[in-house]
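One structure below.
Lettering of chains follows the sequences in order, A, B, ..., and the numbering in each one begins at 1.
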Protein chains: 2
Amino acid sequence: MATRTRRSQRRTEALSRERIVEAAVELLDTAGESGLTFRALTERLATGPGAIYWHVANKDELLAAVTDAVVAAAVAVGRTAGTRQSPPEKPEPQASPQDGIRGVALGLFEAIERHPWLATQLAAQLSRSPWGTVTPRMFESIGQQVRALDVPESSWFTVTSALVHYVLGAAGQNAANSASARALAPGVDRARFLDTVSTAWEELDPDEYPFTRAVADQIRGHDDREQFLAGIDLVLAGITATQRREPRPGQE
Amino acid sequence: MATRTRRSQRRTEALSRERIVEAAVELLDTAGESGLTFRALTERLATGPGAIYWHVANKDELLAAVTDAVVAAAVAVGRTAGTRQSPPEKPEPQASPQDGIRGVALGLFEAIERHPWLATQLAAQLSRSPWGTVTPRMFESIGQQVRALDVPESSWFTVTSALVHYVLGAAGQNAANSASARALAPGVDRARFLDTVSTAWEELDPDEYPFTRAVADQIRGHDDREQFLAGIDLVLAGITATQRREPRPGQE
DNA sequence: GCACATCTGGAACAACATTCCATGCTGGAA
DNA sequence: TTCCAGCATGGAATGTTGTTCCAGATGTGC
């Protein structure tokens, strides 16, 4: 607790909204959602609550800013078609729109994997102000790729919404997996964790859960990322299937 | 505040886990997520904290129980193919699996619409214990319909996951809409709310948000439920498109 | 060198989840 | 009936949280 060097540090590393957000992200990553408290923040930034409250209105606004910052970085990475830190000289010469969508989706997927708290926060932020700054960000990144498909403009909104919603739901669930896999077995491979889940599902009531028991074994070998992309491809296939036909099918 | 009749009521309406969960749901519905406090619970149940803690371990467990109860009711309704309170005598004679899936999805959709806090809680519960009691419930309801499609067994898990994930993401987002529409304009129609959002999107930076600005106008007339089902149909179309082909397409 | 708005941090406060414990109640045994 | 064991209860007390208040420090205009 460096209490004596504060005055000389004052303007050397001045407090700013960005520094607060940065510290909050680190706290969330290391200590989890319950680890982000104003007291921990003041200690980490060697300051007092008043200083923080001068830059952010309250905890909700801080969480919103944190979520927005991480999402912004995620879709920025995703926009370069999914390869992490690709050299910006030739940004994917003839990447298909499908690959672009996979890239953005994977960017969000990996962001949630890196920051497990992001799943909950995304849901919370979308509930609090659904049309805030985070929704347009994802909407824009995916929508730009949708526009590159041969989808009629009247369907842009619906199609993009479907993709965004799938990404949100899937990434959230998969982030939860990796989070508890990490918590349950820090060093052990996730195979052990998946095996536990699979066994638990196999022991469900046969009358109530026949289907879940039947697919329980498929959990064991599965790869989160592959399955996530398989879902994306499912939606993409649905898009091309329903948008390419001439006027409309008589009955589904 | 009936403080005097407590002793005679003691065993008349005994405290139970179910009564606590029921009261918690009502509190969440009327006062929002922040309205569910142990103090409010004790007042509503005319008891003390110790009595509640005798039945539930802590707030997290209470929230898990509450979420599970609401989800269980939702998929039970959805399983009867989407029509609310249909007479149980003839439960949908020749309903297609597609309609079954739409029914279960709509059941969850409407549950989140009725209980706006459910979206956040679902995300939180899935993050805390992803393979708890709520995931198998949704998985089973949708999976039983997937099995009725002509999908090969090897794809059951992937296909069902994709559907569940879309439902979670879409229902969460749409619940957020109706929630803030209600909060913003209690009596006014949601057209006014959608108009506000649309205008906000039209005023975004043209360089950063060209697509979002382009589709902003499509927000105005759109119906949450229709769009939700359109997304479901998109995934269903993708399923039939990719699963009906004989062995496998050479390249996507 | 002086005043001003900007910025800081410590102390104080209300609300919260949770724990503790003395007391009440109920169903069965004497 | 009377008693007792143990399930069940509710009020008081505790520690932590988000948030507010305010006296003072800091750097910038004169």
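- I142(A) places none of its side-chain heavy atoms less than 4.5 Å from the side chain of V75(A).
- Among the protein residues, L62(B) comes within range of no part of the nucleic acid, since none of its heavy atoms lies under 4.0 Å from any strand.
- Nucleotide dA11(C) holds its P atom 18 Å from the OH atom of Y53(A), rounded to whole Å.
- Atom-to-atom, CZ of R19(B) to P of dA8(D) comes out at 14 Å; the value is rounded to the nearest Å.
- Note on ring orientation: taking the six-membered ring where Trp is involved, the planes of F139(A) and F157(A) are tilted (angle from 30° to 60°).
- Remark: P of dG18(D) and CG of L36(A) are 7 Å apart, rounded to the nearest angstrom.
- Side-chain proximity of T37(A) to the nucleotides dT19(C), dG18(D), dT9(D) is greatest for dG18(D).
- For R39(A), the side-chain atoms get nearest to dT17(D) when compared with the rest of dT17(D), dT20(D), dT9(D).
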Dump the intermediate steps for side-chain hydrogen bond (donor to acceptor under 3.5 Å, both in side chains) on D29(A) and W117(A), then the final yes or no. CA-CA 8 Å; D29(A) 285 344; W117(A) 46 269; 2.7 Å; yes
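- In this structure, L15(A) places its CG atom 19 Å from P of dA25(D), rounding to the nearest Å.
- For K59(A), the listed nucleotide lying nearest its side chain is dT17(D); candidates were dT17(D), dT9(D), dT19(C).
- Atom CG in N58(B) sits about 20 Å away from atom P in dG15(D), given to the nearest Å.
- For F38(B) and Y53(B), the gap between ring centers is short of 6.0 Å.
- Nearest-nucleotide positions on DNA chain C place S34(B) closer to the 5' end than the other of G50(B) and S34(B).
- A pairwise comparison of heavy atoms in P210(A) and E140(B) identifies CD-OE2, 2.9 Å as the closest pair.
- Between F38(B) atom CZ and dT16(D) atom P the separation is 19 Å, expressed in whole Å.
- The residue I52(A) sits apart from the nucleic acid: no heavy atom pair falls under 4.0 Å.
- For the OP1/OP2 pair of dT9(D) and a distance below 4.0 Å, the side-chain nitrogens and oxygens of W54(B) include no atom meeting the criterion.
- Distance from the side chain of P49(B) is smallest to dT18(C) among dT18(C), dT9(D), dT19(D).
- Separating the CG atom of L41(A) from the C1' atom of dG10(C) is a distance of 17 Å, rounded to the nearest angstrom.
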